[in-house]
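Just so it is clear: chains get the letters A, B, ... in the order the sequence lines come, proteins before strands, and each one is counted from 1.
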Amino acid sequence: MTNKEIASALRQTGDLIELTGGNPYRANAFGRAARTIRGLEDAVTDLVQDDELTSVNGIGDGLSEQIQDLLQRGSFDLRDELLSAVPTGLLDVLKVKGLGTKKVRTLWQELGITSLDELDEAARADQVRSLSGFGKKTQENIIENVALLRAYSNRRRFADAIRAAREVHTVLTDGDAFDRVVFTGELRRKVETVQALDMVVATSDGADHVIQFLQEADDTAPFDPDTISVTTEVEDADALVETPLTSGLSLRLFVCTPDAFGTTLWRTTGSKDHVATYIREHGDPGMHATEAAIFEGAGVDVVPPELREDDGEWEAATDGHLPNLISVDDLQGTVHNHSTYSDGSHSLRQMAEKARSMGLSYFGICDHSQSLQVASGMKPDEVERQQDEIRSLNEEYAENTESPFRIFSGIESDILRDGSLDYDDEILASFDFIVASIHSGFNMTVNEATERIITAVENPYTSILGHPTGRLLLVREGYEIDHDRVIDACASNNVAIELNANPYRLDIDWRYIKRAIEKGVLISINPDAHAMIELENVRWGVEVARKGWLTAEHCLNAKSLDEFEAWLTARRPA
DNA sequence: CCTGGGTCCAGGAGTTGCTAATAAGCAAC
């Protein structure tokens with residue numbers, strides 16, 4: 001069990017205590033322990049092994065025992081009791097933005113609401129606004145945010161979908177029952193959230209063979225062998241075999257014969273418009289064993305799957321101008337990362353060493369700035385202390401002339417309400433570079449958000465605009481911005497735009513990357529790592545960067561150490 | 001439920017501002 005999983009079980013227990021009207025101090029102890037464990041450097045399992053769990057601040061004998069139960073049997077008595085006392089659906093209600101434990105308890109006690117459906121119904125029936133502590137606005141927000149949650153529940157983030165898809169793929173390819181089993185659809189196009197796991201199954205034995213295989217799969221398979229449906233009237237394949245996965249997603253298998261594999265893969269991969277545009281220009285491609293044959297038949301270059309969105313790829317393929325898309329190997333540094341100086345789990349040295357072990361030649365540290373108290377943002381004296389440590393680490397690294405490596409002193413500066421950065425100029429000037437991001441006051445109009453960001457971009461100390469919309473995929477919508485105006489401002493101020501590679505963010509949205517490139521704005525693929533392992537999140541950023549037509553040439557952290565340093569020097573305020 | 005000072009119990013609570021209510025709850029990482 002990971003620290004994260006332990007933390008969420010504890011947090012949930014704290015929530016349940018509050019929902020049932022238990023001792024608030026007790027609830028708080030669980031919440032505090034959850035926060036502490038989430039930010040812990042050591043694995044809780046190791047601490048238990050060494051009998052050192054109670055030495056963690058905020059974990060005493062009681063919590064220590066419950067955590068050990070949690071590790072041994074997946075839960076503990078108090079949690080079980082609370083879970084049986086609270087309707088399951090109430091935990092979904094708690095996910096509605098704007099509702100916390102207090103409000104959810106009121107809804108439960110006063111209106112008997114125990115599920116999202118009941119909440120939605122009550123809000124629409126105008127029953128919520130009259131409750132004490134609620135009002136018209138809260139009732140409207142509930143309706144809106146329940147709808148969002150429902151929409152989210154049908155999709156999965158790309159990273160989660162890939163993990164689930166690999167699991168299924170392993171089952172389907174076990175025993176070589178089929179000629180080919182290949183990802184297709186949104187999965188293959190690398191869309192940031194997917195609705196179904198689509199795969200093409202090539203076999204000469206027909207859909208029945210596929211169904212039989214699913215039915216005979218053993219109990220550990222991630223789908224229900226009893227719930228399989230088959231459609232034969234599909235445009236893009238011989239048959240479509242569908243089954244719900246235990247993860248809640250739907251598995252869709254497009255079945256075809258091996259000699260039609262290329263056509264089926266092509267038809268199911270591209271967006272509707274991508275496929276339609278081809279057919280309009282070149283006619284129906286007919287049956288092909290390989291995808292390449294379809295492109296060859298039209299005399300155009302093979303379009304990478306992630307570009308098949310009907311957004312100029314056909315013109316580029318016809319003219320031989322398809323981009324040479326970026327890959328993980330092109331990245332030479334990483335610039336937006338956290339450490340224990342703010343809310344990261346690992347020390348500056350550990351984080352830098354991890355970057356170095358990944359073959360990178362520079363590491364930018366960007367802990368949170370002073371205003372962001374929830375993430376223990378750095379006060380000026382901590383900034384000074386960190387910069388001293390950076391200097392001494394860099395002296396160490398400088399001794400190794402064979403594989404140059406350098407740490408750059410950055411800050412993830414909050415963009416305050418008025419668009420200003422979070423320190424006075426003297427401190428801002430002490431950094432090698434600054435990532436400017438919004439972390440508070442999300443409730444803005446498009447114009448307010450855009451102005452706020454442009455003010456920050458125009459600040460001479462800003463080098464990179466961090467996660468431009470603040471979205472968390474399938475958790476919350478970001479604030480809306482006018483991307484064109486923001487991109488223009490970045491272009492005229494030589495500010496790069498972050499592609500935050502955290503699988504929850506993937507922000508800037510890939511749909512705007514092409515426009516940024518056209519304006520000459522560099523994209524920085526940043527893991528925003530809060531722990532060593534999260535440095536590897538850049539891969540998700542690279543996936544969607546490719547989708548946005550990004551090449552190494554237009555990527556800030558694909559620059560070599562010397563080039564990156566030159567870029568920073570050139571744009572430093574005089 | 002935890003910590004800390006003294007062995008059982010008193011006192012505690014990441015912080016701050018915003019929202020949407022008219023005092024308190026929620027959100028930000």
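Only the C1' atoms considered, B:dC18 is 45 Å distant from B:dT7, to the nearest whole Å. B:dT16 sits 28 Å from B:dA10 when the C1' atoms are compared, rounded to a whole Å. Here, B:dC1 and B:dG6 have their P atoms 25 Å apart, quoted to the whole Å. Between B:dG17 and B:dG11, the distance separating the two C1' atoms is 27 Å to the nearest Å. Here, B:dA20 and B:dC9 have their P atoms 46 Å apart, quoted to the whole Å. B:dT15 and B:dG4 have their P atoms separated by 16 Å, given to the nearest Å. Distance noted for atom P between B:dA28 and B:dA23: 26 Å (whole Å).
Under a 4.0 Å N-O distance rule, the pair A:D160/A:R163 qualifies as a salt bridge. Under 4.0 Å is where a charged nitrogen must lie from a carboxylate oxygen, and between A:R385 and A:E389 no such pair does. In this structure, A:E384 does not pair ionically with A:K379, as no charged nitrogen and carboxylate oxygen lie closer than 4.0 Å. Salt-bridge check for A:E451 with A:R485: passed, with a basic side-chain N closer than 4.0 Å to an acidic carboxylate O.
Residue A:E534 contributes atom CD, which lies 12 Å from atom C1' of B:dC29 at whole-angstrom precision. Rounding to whole angstrom units, CZ of residue A:F134 and P of B:dT22 are separated by 11 Å. At whole-Å resolution of the value, CD1 in A:I17 and P in B:dC2 are 11 Å apart. Whole-Å rounding puts the A:K103 NZ to B:dA21 C1' distance at 8 Å. The distance between atom CG of A:N502 and atom P of B:dC29, rounded to the nearest whole Å, is 11 Å. Atom NZ in A:K137 sits roughly 15 Å away from atom C1' in B:dC26 (whole-Å rounding). Rounded to whole Å, atom C1' of B:dC26 lies 12 Å from atom CG of A:D15. Atom-to-atom, CZ of A:R32 to P of B:dT3 comes out at 7 Å; the value is rounded to the nearest Å.
Counting any heavy atom pair closer than 4.0 Å across all strands shown, A:R105 reaches no nucleic acid atom. Heavy atoms of A:V56 sit under 4.0 angstrom from primed sugar atoms or phosphate atoms, though from no base atom. Among the atoms of the strands shown, only primed sugar atoms or phosphate atoms (P, OP1, OP2) are found under 4.0 Å from some heavy atom of A:R505. Residue-level contact check: A:H530 touches the backbone only, with heavy atoms under 4.0 Å from sugar-phosphate atoms and none from bases. Residue-level contact check: A:T101 touches the backbone only, with heavy atoms under 4.0 Å from sugar-phosphate atoms and none from bases.
Across the interface with DNA chain B, nearest-nucleotide mapping of A:S376 and A:V96 shows A:S376 to be the residue nearer the 5′ end. Map A:S132 and A:H368 each onto its nearest nucleotide of DNA chain B; the residue landing nearer the 5' end is A:S132.
In this structure, the nucleotide among B:dA20, B:dC1, B:dC29 sitting nearest to the side chain of A:F442 is B:dC29. You'll find that the side chain of A:N443 is closest to B:dT19, out of B:dC1, B:dC29, B:dT19. Listed nucleotides B:dC1, B:dC18, B:dA27 differ in distance to A:N23; the shortest reach to its side chain belongs to B:dC1. Among B:dA20, B:dG25, B:dA28, the nucleotide with an atom closest to any side-chain atom of A:K102 is B:dG25.
Contact between the side-chain N/O atoms of A:R35 and the OP1/OP2 oxygens of B:dA28 is not found at any separation under 4.0 Å. Phosphate contact (OP1/OP2 of B:dC1, side-chain N/O of A:N28, threshold under 4.0 Å): absent. Regarding contacts with the backbone of B:dA28, a side-chain N or O of A:R476 is found under 4.0 angstrom from either OP1 or OP2. Look at A:N57 and you'll find a side-chain N or O under 4.0 angstrom from OP1 or OP2 of B:dT3. For B:dA21, one of the phosphate oxygens OP1 or OP2 lies less than 4.0 angstrom from a side-chain nitrogen or oxygen of A:T138.
The side-chain contact (heavy atoms from CB on, under 4.5 Å) test with A:L550 is passed by exactly one of A:H554, A:K547, A:R546: A:H554.
Because its NZ or CZ atom is both nearer than 6.0 Å to the ring centre of A:Y504 and within 45° of the ring axis, A:R157 counts as a cation-pi partner of that residue. In this structure, A:K103 forms a cation-pi arrangement with A:F134, its terminal cationic atom sitting closer than 6.0 Å to the ring centre and no more than 45° off the ring axis.
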